[in-house]
Amino acid sequence: MEKLAQEKIELFPHKVKTTHTIFEVTEGFSSSSPEDLEKKKVRVILAGRVMSIRGMGRATFLHIAGSRSRIQAYLKEDKVGKKNYKLFSLIDIGDFVSVEGDVFKTRTGELTVFVDSYTFLAKCLHPLPEKWHGLQNVELRYRKRYLDLIMNPAERDVFRLRSAMISHIRKFFDEKGYIEVETPMMHSIPGGALARPFKTFHNALGLDLYLRIAPELYLKRLIVGGFEKVYEINRNFRNEGISSEHNPEFTMLEFYEAYSDYNDMMKLTEELIHDLSLSLLGTEKIAFMGKKISVKRPWKRIKFKEALVYYSGLAPDRFDDRSGTIELASTLAPDKKAPSYGKALDIIFDKYVKQNLVQPTFVIDFPKEVSPLAKALKENPDEAERFELVMGGMEIANAFSELSDPSEQRKRFEQQAEARKKGDEDAHLVDTDYIHALEYGLPPTGGEGIGIDRLVMIFANRKSIRDVILFPLLRPKKE
RNA sequence: GGCCCGUUAGCUCAACUGGUAGAGCAGCGGACUCUUAAUCCGCAGGCUGAAGGUUCGAGUCCUUCACGGGUCACCA
């Protein structure tokens, strides 16, 4: 540093001119023959981060990394001049530089820039992690994601895939005539899901507010308002435990379509994920945790209760006994309170069924008790027109034929409020404003939420949600 | 939040049942004009996550705490 200052070299210049990205050069010329390159005289100015330096006396090789590939550069004292060559020894691994020169191939056939001038772009003040093993420490990888991204280029691919997925999803819905909307992140009554919210406070209004647990109730107000197809991709916040499948803030895609129901949503979901698989991965078979997930349509559908019976191996009438079912749930999950029949079924479902469903499966017709925003089934008032999509053992999506009868909705909210009084902190509050909106008429509507992070996990073959979220929540480290 | 495991140099890892904390890479100095985990010679690098305890003696055993991972609980 001091030496560089003595030489009056600017350590953090404002601007750099480049002619190509490193990727353009490696893509464009890797297959060119050495003779071709010599004839064409491909002259380039490239910028990137120095990842390795191999000094050979009066010649030096280095690798410079761009965002998508790296390229070798070759420095020779004869070429850059004695003074510049000597100054180059002040460059450290990790520094940003730009190099200008012709592209050629070395004896070993590696595409290389024959440097005749170079410029410092930014100094790296810390040594980079070890070049061979890279950064392995998971805590450091999440805390200092930038280092993870520098050292483990495959991690960059995960986030490129994530970005590509989201832009494909937008395209998919836009082409179907959906409009993308943004609804409030701060709610005075948290709703739309069974979960605990984060609480905050608005000073000027003197108002308690909650970070949203779901956009659902606002999106349906928009259907009431006359939009027929809406979607939103944004963050939800749930004040719950952290695990390899849960981050307190996570990205949810929700979409609602008037004049449709949960059957239409199943078709749409199949189409969307099948599309994504073909365009992002180029296959119908996704490799996930050593297994192949086939997204070939149509996908399996199984009724919630049939799934319970099938995977638990218990007799079908076993689940008709309400108190017996609650008892079974408490033996399966002793720490868990099973306050209701519906909740108990949910527990048994999680225990027996979910992990076994690797191939995409629509589990349909959930207990109405745990589906307060879904229409009841015509043939069976205890069940709701609701499905969950399970893939790779994870719940990926949740959808229903939206309950539109305001008085029925009020009743359901009241039941929820009752459960809440009994200690179920996830239960809904009565949202009278939402009921009022329904009183103006919600047409038959299908709605769905898809957990984007988990879908990325499957597409990127990652076991932990933290691997697909750039900055997962960690406890701050005390110095 | 419960249980289990982990935390040693900037990074990746060693150190036997308690007996003087080491290596590779990175860094610094030197040699080397087609190397690629370059090579060769030399140097430096540490309150072993924190605080207590047991012991003549603790990286190692015990207790508490911090952070992380796994798992269960809550949930998507």
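Computed from a predicted structure; not experimentally measured. Below, each value reflects all heavy atoms present in this structure, side chains not excepted, and no hydrogens, waters or symmetry copies. In the text below, chain A, chain B and the rest are named by the order of the sequence lines, each starting its count at 1.
Backbone-only engagement by Asn137(A) is indicated by non-hydrogen atom pairs under 4.0 Å involving sugar-phosphate atoms exclusively. Across all strands shown, Tyr85(A) has no heavy atoms under 4.0 Å from either base or sugar-phosphate atoms. Residue contacts shown for Asn247(A) include a base, since a base heavy atom lies under 4.0 Å away. Backbone-only engagement by Arg475(A) is indicated by non-hydrogen atom pairs under 4.0 Å involving sugar-phosphate atoms exclusively. Using a 4.0 Å heavy-atom cutoff across all strands shown, Glu77(A) reaches no nucleic acid atom at all. Nucleic acid contact class of Glu388(A) (heavy atoms, under 4.0 Å, all strands): none. Contact annotation for Leu194(A): backbone-only contact, meaning every heavy-atom pair under 4.0 Å involves sugar-phosphate atoms and none involves a base. Residue-level contact check: Arg143(A) touches the backbone only, with heavy atoms under 4.0 Å from sugar-phosphate atoms and none from bases. Counting non-hydrogen atoms under 4.0 angstrom, Asp78(A) reaches a base of the nucleic acid. Nucleic acid contact class of Gly241(A) (heavy atoms, under 4.0 Å, all strands): base. Within 4.0 Å (heavy atoms only), Asn236(A) reaches no atom of the nucleic acid at all. Residue contacts shown for Gly134(A) are limited to sugar-phosphate atoms, with no base heavy atom under 4.0 Å away. Contact annotation for Arg70(A): no contact, since no heavy-atom pair falls under 4.0 Å across all strands.
The phosphate of G68(B) has neither OP1 nor OP2 within less than 4.0 Å of any side-chain N or O from Arg466(A). For Arg54(A) and U35(B), the shortest distance from a side-chain N or O to OP1 or OP2 is not below 4.0 Å.
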Dump the intermediate steps for salt bridge (charged side-chain N to carboxylate O under 4.0 Å, His left out) on Glu395(A) and Arg454(A), then the final yes or no. CA-CA 8 Å; Glu395(A) 183 186 333; Arg454(A) 289 181 182 174; 5.2 Å; no

With side-chain hydrogen bond (donor to acceptor under 3.5 Å, both in side chains) as the criterion, how do Ser464(A) and Arg462(A) come out once you've worked through the C-alpha distance, each side chain's angles and the decisive distance to 0.1 Å? CA-CA 6 Å; Ser464(A) 170; Arg462(A) 295 299 168 131; over 6 Å; no

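For Lys351(A), taking side-chain heavy atoms from C-beta onward, the closest of the listed nucleotides C72(B), C28(B), C11(B) is C72(B). If you check C11(B), G69(B), A76(B) against the side chain of Val138(A), the one that comes closest is G69(B). Comparing G68(B), U12(B), A76(B) against the side chain of Arg454(A) picks out A76(B) as the nearest. Checking G69(B), U33(B), A76(B) against every side-chain atom of Lys76(A), the shortest atom distance belongs to U33(B). Distances were taken from every side-chain heavy atom of Met56(A) (C-beta onward) to each of C72(B), U35(B), U12(B); the shortest belongs to U35(B). Proximity note for Phe61(A) (side chain, C-beta onward) versus C34(B), A76(B), U33(B): the nearest is C34(B). Of the candidate nucleotides C25(B), G69(B), G70(B), C25(B) has the atom nearest to the side chain of Lys131(A). Across C34(B), U35(B), C11(B), the shortest atom-to-atom separation from the side chain of Gln72(A) is found for U35(B). Listed nucleotides: U33(B), G69(B), U12(B). Nearest to the side chain of His133(A): U12(B).
Under the Watson-Crick or G-U wobble criterion, with both distances below 3.5 Å, C13(B) is paired with G22(B). Nucleotide U7(B) forms a pair with A66(B), judged by Watson-Crick or G-U wobble geometry with both contacts under 3.5 Å. Nucleotide C32(B) forms a pair with no other nucleotide shown, judged by Watson-Crick or G-U wobble geometry with both contacts under 3.5 Å. When both pairing distances are held under 3.5 Å, C43(B) makes a Watson-Crick or G-U pair with G27(B). Base-pair partner of U71(B): G2(B) (Watson-Crick or G-U wobble, both distances under 3.5 Å).
By the 30° and 60° cut-offs, the orientation of the rings of Phe114(A) relative to Phe104(A) is tilted.
In this structure, Glu38(A) does not pair ionically with Lys40(A), as no charged nitrogen and carboxylate oxygen lie closer than 4.0 Å. A salt bridge does not link Lys375(A) with Asp261(A): none of the charged nitrogens is closer than 4.0 Å to a carboxylate oxygen. The pair Glu77(A)-Lys86(A) does not count as a salt bridge, with every side-chain nitrogen at least 4.0 angstrom from each carboxylate oxygen.
Taking a centre distance below 5.5 Å and an interplanar angle below 30 degrees as the stacking criterion, Phe250(A) stacks against the six-membered base ring of A76(B).
Atom C1' of nucleotide A73(B) and atom CG of Asp426(A) are separated by 12 Å, given to the nearest angstrom. Following rounding to the nearest Å, Phe104(A) (CZ) and C34(B) (C1') show an atom-to-atom distance of 7 Å.
Side-chain to base pairing of Arg58(A) with U33(B): no donor and acceptor N or O lie closer than 3.5 Å to each other. Contact annotation: side chain of Glu139(A) to base of U7(B), donor-acceptor pair absent below 3.5 Å.
With no hydrogens or angles considered, a side-chain donor-acceptor pair links Glu257(A) and Tyr178(A) at under 3.5 Å.
For the C1' atoms, the distance from U71(B) to G59(B) is 28 Å, rounded to whole Å. Atom C1' of C11(B) sits at a distance of 12 Å from the matching atom of G27(B), rounded to the whole Å.
Evaluated for a ring pair (Phe, Tyr, Trp, His ring centres under 6.0 Å) with His187(A), the options Tyr218(A), Tyr210(A), Phe237(A) yield exactly one hit, Tyr218(A).
When the nearest nucleotides of RNA chain B are assigned to Gly55(A) and Asp92(A) by heavy-atom distance, the more 5′-ward of the two goes with Asp92(A).
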